[in-house]
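Read through the structure below, which is laid out as structure tokens, and then see the notes.
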Amino acid sequence: PVVAVGALTRPEDMEELIANGKADVVCCARATLADPEFPNKLRDGREDEMRPCVRCMYCMSSMMSGNKHIHCSVNPTLGYELTNKEPAPKAEEKKKVLVVGGGVAGIQAALTSAERGHEVILCEKTDRLGGVLNYTEHVSFKDDIVNYLNWARHMVAKSAIDLRLNTEVTPDFIREVGPDAVICAVGADIVIPPIPGVENIKVIDSIEMHEQAEKLGNNIVIIGAGITGVEGAIHMRMMGKNVQILEAADGILKGIEMQQLAVTMEEMRRMDLLDKYHTNTKVVKIDDNGVTAETPEGTVVFPADNVVMCTGMRARRDLVESLRPVCLNF
């Protein structure tokens, strides 16, 4: 017997392997970590409810980083099965729960609260769910995340959740709704360091880079060589752009899992980016000529039609704290 294994997450792919005789058995590992009910839902014709694996390798990195339990970026109960049952048990007392923010964290909080039997109101200030991850719809190699977002939106739509788009939550709004509990899942803002010239019109953030990719110039300078910056560089190279990556630290892709590091470096090699990143490089200023930086070889001006800030994110704690006082009066 031949067993097929490795990133099999879509039922149609599994059926095809069996049907065309290429395999006798299919083996699913990550698919059942993302959704332990994966085979049962498939058997029962509930494919639309199967929480999809995004193949992010967080399960692998959580094991290799010394955690006692394996974890999953889309299944918050994985590793906590003894204390967090799935499906979630019904709450002893039904409450009105207001979830602020329609990104993936807010969606999951709303779904879990609804599963437990609470009355849930999910508010998102824009016109669609997905939050910061909506940019993935513009990136060819982010199909797995797009698939997850579509699943999440579908699960909200088929639930009893009261979804309110284009709704900004304020203290007055909370008083009007009168919830028993408020869950703040308001995400984070991109950090823009105080570099002289950063207000220049050619400077954009990582999300704008993907959303406006067709309108960008040919020479792109990316500041920051974490996974966001490097993946952005790969995407830009796929579109035929000239790319330079500037990083103040002494290395790139710090903090990512070993297998992901190896795959990403190979993709950088394939896209001719291995000599396009510059470490120990401090950006001095941005102007119409490009980006001026201090490098180990001296001062260098990198020509740029657009400069992309991939310099991390900071939680919107100020927004959370602005809502906290009214919640303390419940």
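What you see is a predicted model, and the numbers here were worked out from it, not measured in a lab. One-based numbering along the sequence shown.
Side-chain contact between Asp144 and Val146 is absent, with no heavy-atom pair separated by less than 4.5 Å. Lys125 has its side chain out of reach of Asn166: every pair of non-hydrogen atoms, C-beta onward, lies at least 4.5 Å apart. Contact check for Val291 versus Val301: no side-chain heavy atoms found under the 4.5 Å cut-off. Using a 4.5 Å heavy-atom cutoff, the side chains of Glu214 and Met239 are in contact. Contact check for Ser206 versus Cys310: side-chain heavy atoms found under the 4.5 Å cut-off. Residues Arg175 and Pro171 meet the side-chain proximity criterion, which asks for heavy atoms closer than 4.5 Å. Contact annotation: the side chain of Arg237 approaches that of Leu273 to within less than 4.5 Å [non-hydrogen atoms, C-beta and beyond]. Side-chain atoms of Val283 and Thr292, non-hydrogen and from C-beta on, never get closer than 4.5 Å to each other.
There is a side-chain donor-acceptor pair under 3.5 Å between Glu294 and Thr299. Side-chain contact of Asn75 with Thr77: a donor-acceptor pair under 3.5 Å is present, judged by distance alone. With no hydrogens or angles considered, no side-chain donor-acceptor pair links Asn218 and Asp305 at under 3.5 Å. Residues Asp287 and Asn200 bring no donor and acceptor atom of their side chains to less than 3.5 Å of each other. Side-chain N/O atoms of His278 and Gln244 include a donor and acceptor closer than 3.5 Å.
For Asn147 (side chain) and Asp143 (main-chain N/O), no donor-acceptor pair under 3.5 Å exists by modelled atom type. Without hydrogens or angle criteria, Gln212 side chain to Lys215 main chain gives no donor-acceptor distance under 3.5 Å. In this structure, Thr311 contributes its side chain and Ile192 its backbone to no donor-acceptor pair below 3.5 Å. At least one donor-acceptor pair under 3.5 Å links the side chain of Lys96 to the backbone N or O of Val177. No donor-acceptor pair under 3.5 Å is formed between the side chain of Glu15 and the backbone N or O of Asp13.
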Step-by-step side-chain contact (heavy atoms from CB on, under 4.5 Å) determination, Trp151 to Asp48: CA-CA 7 Å; Trp151 167 86; Asp48 64 318; over 6 Å; no
Residues Asp318, Arg316; criterion salt bridge (Lys or Arg N to Asp or Glu O under 4.0 Å); working and verdict: CA-CA 5 Å; Asp318 290 346; Arg316 294 176 177 143; over 6 Å; no
From CA spacing to verdict: side-chain contact (heavy atoms from CB on, under 4.5 Å), Asn280, Thr295: CA-CA 6 Å; Asn280 297 304; Thr295 77; over 6 Å; no
Asp44 vs Lys41, salt bridge (Lys or Arg N to Asp or Glu O under 4.0 Å): CA-CA, chis, key distance, verdict: CA-CA 5 Å; Asp44 297 339; Lys41 291 176 179 177; over 6 Å; no
From CA spacing to verdict: salt bridge (Lys or Arg N to Asp or Glu O under 4.0 Å), Lys90, Glu115: CA-CA 7 Å; Lys90 296 296 182 182; Glu115 288 171 10; over 6 Å; no
Test side-chain contact (heavy atoms from CB on, under 4.5 Å) applied to Leu98 and Cys123, step by step: CA-CA 8 Å; Leu98 172 62; Cys123 294; 3.7 Å; yes
Verdict with supporting geometry, Arg153 and Glu124, salt bridge (Lys or Arg N to Asp or Glu O under 4.0 Å): CA-CA 12 Å; Arg153 296 181 187 121; Glu124 165 56 40; over 6 Å; no
CA sep, side-chain torsions, deciding dist, call: Leu165, Thr126, side-chain contact (heavy atoms from CB on, under 4.5 Å): CA-CA 6 Å; Leu165 298 174; Thr126 69; 5.9 Å; no
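The two residues Ala249 and Thr279 make their nearest non-hydrogen contact at O-CB, 3.3 Å. Closest of all the heavy-atom pairs between Arg51 and Val74 is CD-O, 3.0 Å. In this structure, Cys53 and Arg30 approach most closely via the heavy-atom pair SG-CB, 3.8 Å. Taking all atoms of both residues into account, the shortest heavy-atom contact from Met238 to Ser140 is SD-OG, 3.9 Å. For Leu129 against Asn134, the heavy-atom pair with the smallest separation is O-OD1, 3.2 Å. Between His118 and Lys95, the shortest heavy-atom contact is ND1-N, 3.0 Å.
By the 4.5 Å side-chain criterion applied to Ile, Leu, Val, Met, Phe, Trp and Tyr, Met50 is assigned to a cluster that also includes Leu8, Met14, Leu17, Ile18, Val26, Phe38, Leu42.
If you take CG on Leu323 and CG on Leu319, they are separated by 5.0 Å, rounding to the nearest 0.5 Å. The line from CD of Glu231 to OG1 of Thr264 is 6.0 Å long, rounded to the nearest 0.5 Å. Between the SG atom of Cys28 and the CZ atom of Arg10 there is a distance of 13.0 Å, given to the nearest 0.5 Å. Rounding to the nearest 0.5 Å places CG of Asn306 at 8.0 Å from NZ of Lys241. Here the straight-line distance linking atom CD1 of Ile227 with atom CD1 of Ile252 works out to 9.5 Å at 0.5 Å rounding. Rounding to the nearest 0.5 Å places CG of Leu261 at 12.0 Å from CE of Met57.
When hydrophobic clusters are built by joining Ile, Leu, Val, Met, Phe, Trp and Tyr residues whose side-chain heavy atoms come closer than 4.5 Å, directly or via intermediates, Val182 is not grouped with Val120. Hydrophobic cluster membership is shared by Ile245 and Met236, with clusters built from Ile, Leu, Val, Met, Phe, Trp and Tyr side chains linked at under 4.5 angstrom.
For Lys276, the NZ atom is densely surrounded, since the number of other residues' heavy atoms within 6.0 Å is greater than 12. Around the CZ atom of Arg314, the shell of radius 6.0 Å holds no more than 12 heavy atoms that belong to other residues, nucleotides or ligands. Heavy atoms of other residues, nucleotides or ligands lying less than 6.0 angstrom from OH of Tyr80 number 12 at most. Atom CD of Glu12 sits in a crowded spot, with more than 12 heavy atoms from other residues, nucleotides or ligands closer than 6.0 Å.
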Contacts under 3.5 angstrom, residues 101-112 side chains, donor-acceptor by atom type, not counting sequence neighbours:
{"from": "Gln108", "atom 1": "NE2", "to": "Thr112", "atom 2": "OG1", "distance (Å)": "3.1"}
{"from": "Thr112", "atom 1": "OG1", "to": "Gln108", "atom 2": "O", "distance (Å)": "3.0"}

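Look at Lys158 and Glu49 and you find a salt bridge, because one of the NZ, NE, NH1 or NH2 atoms lies within 4.0 Å of a carboxylate O, short of that distance.
Looking at residues two or more places apart in sequence or on another chain, you find a ring-ring contact (aromatic ring centres under 6.0 Å, His included) between His210 and Tyr135, His235.
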